[in-house]
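A short worksheet on the structure shown next.
Below, all heavy atoms of this structure are taken into account, side chains as well, without hydrogens, waters or symmetry copies. In what follows, chains are A, B, ... by sequence order, proteins preceding strands, each numbered from 1.
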Protein chains: 4
Amino acid sequence: MIVINERSPIPIYEQIIQQLKELILKGAVTSGEKLPSVRELSATILVNPNTVSKAYQELERQGVIETLRGKGTYVCSQQAAKITPEMLEQIRQSLKQTVLEASYAGISGEQLKTWIDQYLLELRSGTNA
Amino acid sequence: MIVINERSPIPIYEQIIQQLKELILKGAVTSGEKLPSVRELSATILVNPNTVSKAYQELERQGVIETLRGKGTYVCSQQAAKITPEMLEQIRQSLKQTVLEASYAGISGEQLKTWIDQYLLELRSGTNA
Amino acid sequence: MIVINERSPIPIYEQIIQQLKELILKGAVTSGEKLPSVRELSATILVNPNTVSKAYQELERQGVIETLRGKGTYVCSQQAAKITPEMLEQIRQSLKQTVLEASYAGISGEQLKTWIDQYLLELRSGTNA
Amino acid sequence: MIVINERSPIPIYEQIIQQLKELILKGAVTSGEKLPSVRELSATILVNPNTVSKAYQELERQGVIETLRGKGTYVCSQQAAKITPEMLEQIRQSLKQTVLEASYAGISGEQLKTWIDQYLLELRSGTNA
DNA sequence: GTGGTCTAGACCACT
DNA sequence: GTGGTCTAGACCACT
């Protein structure tokens, strides 16, 4: 369910984080569900275990998943997600940056809004991106 | 007119690129206008000349500015901007990623759209962000 | 009487050790009293028997409890507790470490001392923490 | 200035974190000061660069130090330290645990308080522990 | 020069 | 079985 793009400038552990979050939001992986172990996932997606481990640790720090010692890693109930003002500002900044690039490329605000709606729909319906 | 944040996760040369593009879109710097030299700008914003140079090179590669040997660096007329399908896809991806993070933080699509409109307004009116 | 927190960073067997020691110090479990068997306790607190077994072994090693083959596990008379210089040093170190973290968090020495008195009172009065 | 104990149960990266915090609290390393680079420190204390890097990243997350890309790592002005309720509770818990062990070892509350004062004095006077 | 990421593989504590 | 730590060493982006 997770696909790594080795040529992407986005670090592999970030790709894992993003895709797991997407799977959770889509409901493909639900609260309380056990995730594949570090070794399993690393074997499946052909990535070093350390890299998967780094992704899991970061997701735990963000309150998305939790680790029970010796038992495995589980998806948290999502109301636990911790949002800080810094995270909010970072989202605003990255949106701003995207809009700037889009303006440069001649993409209208309307087009961007349509894409937002499309993607939100995908998330809600659990469709693949 | 350019302000660098050393602590930002965005590389300094990227900050220069973004802010120059923003200034151009806002009309604060117009087509054909001469930009400060690498040395001038690096002295003004207290940044290593290599870093400014890297920003200028990237902007030139993107068709935003052009360097005339011995004469200086000038803003291109903007219809020249080259939009490739890859750039378009990259914009879609970064928008998608922002929406994903926003969803996680409980930010609605409506909120994101409002922010887009706000920012576009800023660009058009030439107001500072 | 023992409550395990699976999410705690403290290993489960350590939690058992701590809580048993606390119960003994509070007088809720007295010298010579028989403890539940490994199987009983593991069934009560929903923990793997190996984990309870590990806790009991460590408590025995520390001279807190003793196992009589075929008869069960009993609380030792507590003057038997063996304090080595290493244990003393370890206590000093962990106190030092706690004070360091507290200083960082802006917690005063007075506050720490108040907490110590509070907790000692709890132990003596047998109140629950 | 940093000494690693390979036999300690405390992870090496944690030892680095603790000792750097101690050096900062003692004023041996002051706000704005540049720390040794990852490579330098790793060579000095004979530890793998990855391990030092992990310590630095965690300290940055805690707001103790900050990394300027390509320039190095610097001590933050300490009012920036972020204290969460979870951290406070964790400090209380580790104090409680220490008091419990101390009680078991026959160490009085008074003794513990004396040690606290001693260590705080060391921190303030910049004396070595 | 700086730190960040990644692989490969070992070892360990915990359940 | 589970995840966490660590070494050794490569490569990369940024200043």
>> The side chain of D/Thr67 is closest to which nucleotide in this list: E/dT7, E/dG3, F/dG3?
In response: E/dG3

> Between C/Ile4 (CD1) and E/dC14 (C1'), how many Å, whole number?
Replying inline: 13 Å

> The side chain of C/Thr51 lies closest to which of these nucleotides: E/dT15, F/dC6, F/dG3?
Replying inline: E/dT15

> Of all the choices, F/dT2, E/dT15, F/dG3, which nucleotide is nearest to the side chain of A/Glu40 once you look at every atom?
Replying inline: F/dT2

>> Working to the nearest 0.5 angstrom, can you tell me the gap between A/Ile24 CD1 and A/Leu20 CG?
In response: 6.0 Å

>> By nearest atom, which of the nucleotides F/dT15, E/dC14, F/dC6 is closest to the C/Pro11 side chain?
In response: E/dC14

> Taking OP1 and OP2 of F/dT15, is either one under 4.0 Å from a side-chain nitrogen or oxygen of B/Tyr13?
Replying inline: no

> How far does CG of D/Leu35 sit from CD of D/Glu40, to the nearest 0.5 angstrom?
Replying inline: 10.0 Å

>> For F/dT5, give the paired nucleotide (Watson-Crick: N1-N3 plus N6-O4 or O6-N4; G-U: N1-O2 and O6-N3; both under 3.5 Å), or none.
In response: E/dA10

> Roughly how far, to the nearest 0.5 Å, is CD of B/Glu101 from CD of A/Gln18?
Replying inline: 7.0 Å

>> What is the distance, to the nearest angstrom, from the OH atom on A/Tyr56 to the P atom on E/dC6?
In response: 16 Å

>> Can you measure A/Glu66 atom CD to F/dG3 atom C1' for me and round it to whole angstrom units?
In response: 14 Å

> Under 3.5 Å, side chain of D/Arg69 to main-chain N/O of B/Pro9, donor-acceptor pair present?
Replying inline: yes

> Would you call A/Lys26-A/Glu22 a salt bridge at under 4.0 Å N-O?
Replying inline: yes

> In terms of side-chain heavy atoms of A/Ile12, which of E/dT5, E/dC6, F/dT15 is nearest?
Replying inline: E/dC6

> Could you give the distance from OG (D/Ser53) to CG (D/Leu41), rounded to the nearest 0.5 Å?
Replying inline: 11.0 Å

> In whole angstrom, what separates A/Leu41's CG from F/dG4's P?
Replying inline: 14 Å

> Relative to the 5' end of DNA chain E, which residue comes earlier, D/Leu68 or C/Lys54, by the nucleotide with the nearest heavy atom?
Replying inline: D/Leu68

> Nearest of F/dT2, F/dT5, E/dG3 to any side-chain atom of D/Val38?
Replying inline: E/dG3

> If you check the A/Asn50 side chain, which of E/dT15, F/dT15, E/dA8 turns out closest?
Replying inline: E/dA8

> Can you tell me how far C1' of F/dC6 sits from CD of D/Glu14, to the nearest Å?
Replying inline: 14 Å

> In terms of side-chain heavy atoms of A/Ser37, which of F/dC6, F/dT2, F/dA8 is nearest?
Replying inline: F/dT2

>> On DNA chain F, compare the nucleotides closest to D/Glu6 and A/Arg39; which residue's is nearer the 5' end?
In response: A/Arg39

> Taking the side chain of D/Val47 as its heavy atoms from C-beta onward, which of F/dT7, F/dG4, E/dC6 lies nearest to it?
Replying inline: F/dT7

> Separation of A/Glu58 atom CD from E/dT5 atom P, in whole Å?
Replying inline: 10 Å

> In whole angstrom, what separates A/Ile17's CD1 from E/dC6's C1'?
Replying inline: 15 Å

> Hey, which of these two, D/Gln57 or A/Lys71, hits DNA chain E nearer its 5' end, going by closest nucleotide?
Replying inline: D/Gln57

> Are OP1 or OP2 of F/dG4 and a side-chain N or O of A/Ser53 less than 4.0 angstrom apart?
Replying inline: yes

>> Expressed as a whole number of angstroms, how long is the span from A/Asn5:CG to E/dT5:P?
In response: 17 Å

> Looking at the side chain of D/Arg69, which of F/dC14, E/dT15, F/dT5 is the nearest nucleotide?
Replying inline: F/dC14

